[in-house]
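What follows is a set of notes on a single structure, which appears directly below.
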Amino acid sequence: MSPQHPTPPTGPDHASAEPELVGFTVDLTSQEVLRRAQVMEALGPDWDPIEVLRGEEAAYDLLYSGLDAEQQRVYDDLVAAGVLPDRGHGRAAA
C-alpha cells in the first residue's frame, strides 16, 4: 500500500480535474408564500395586529414609567443618541 499525501500533488505532471458545475434553481417565491400562509394559519383567525401594536405600546409605556432621576438621564441620553425612540417629548412616560 502506498503512503497517502495530506495534500494531493500539483504541477504539470498531475493535472487536476475541475469539478463540473451543475445548474439548479430554487423557487423562493413559492416557499415564501407557503411560509406566510403557515404563519397566518398559526396566528389563527382571532389575531388582531392593531391590538397587538396597542399592547406593545402599552408595554413600552409601562417599561419606561416611574424612572428615577438617573434612569431618566440614561433614557434621555439613549433617545438623544437615537438608540431608543422618543416616547413623550423627551421624557419617559410618567
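Scope of the values below: all heavy atoms of this structure, side chains included, with no hydrogens, waters or symmetry mates.
Remark: E70 engages R73 in a salt bridge (charged side-chain N to carboxylate O under 4.0 Å, His left out) (not counting sequence neighbours). Under the rule for a side-chain hydrogen bond (donor to acceptor under 3.5 Å, both in side chains), Q71 has no partner lying at least two apart in sequence or in another chain. In terms of the side-chain contact (heavy atoms from CB on, under 4.5 Å) criterion, residue partners of L63 (sequence neighbours excluded) are, by chain and number, Y60.
Side-chain polar atoms of D68 and Q72 form no donor-acceptor pair below 3.5 angstrom.
Considering only heavy atoms from C-beta on, P49 comes within 4.5 Å of W47 through its side chain.
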Donor-acceptor pairs are to be reported for all side-chain atoms of residues 50-57 against protein atoms at under 3.5 Å, with residues two or more places apart or in another chain.
unit_1 : atom_1 : unit_2 : atom_2 : d
E57    : OE1    : R87    : NH1    : 3.2
E57    : OE1    : R87    : NH2    : 3.0

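Side-chain heavy-atom separations under 4.5 angstrom define the hydrophobic clusters, and L21 shares its cluster with no other residue.
With rounding to the nearest 0.5 angstrom, the CG atom of D86 is 12.0 Å from the CG atom of L78.
Screening residues 29-41 for salt bridge (Lys or Arg N to Asp or Glu O under 4.0 Å), with sequence neighbours left out, gives E32-R35, E32-R36.
No continuous path of ILVMFWY side-chain contacts below 4.5 Å connects L34 to V39, so the two sit in separate hydrophobic clusters.
Between Y64 and L84 the shortest heavy-atom distance is OH-CD2, 3.3 Å.
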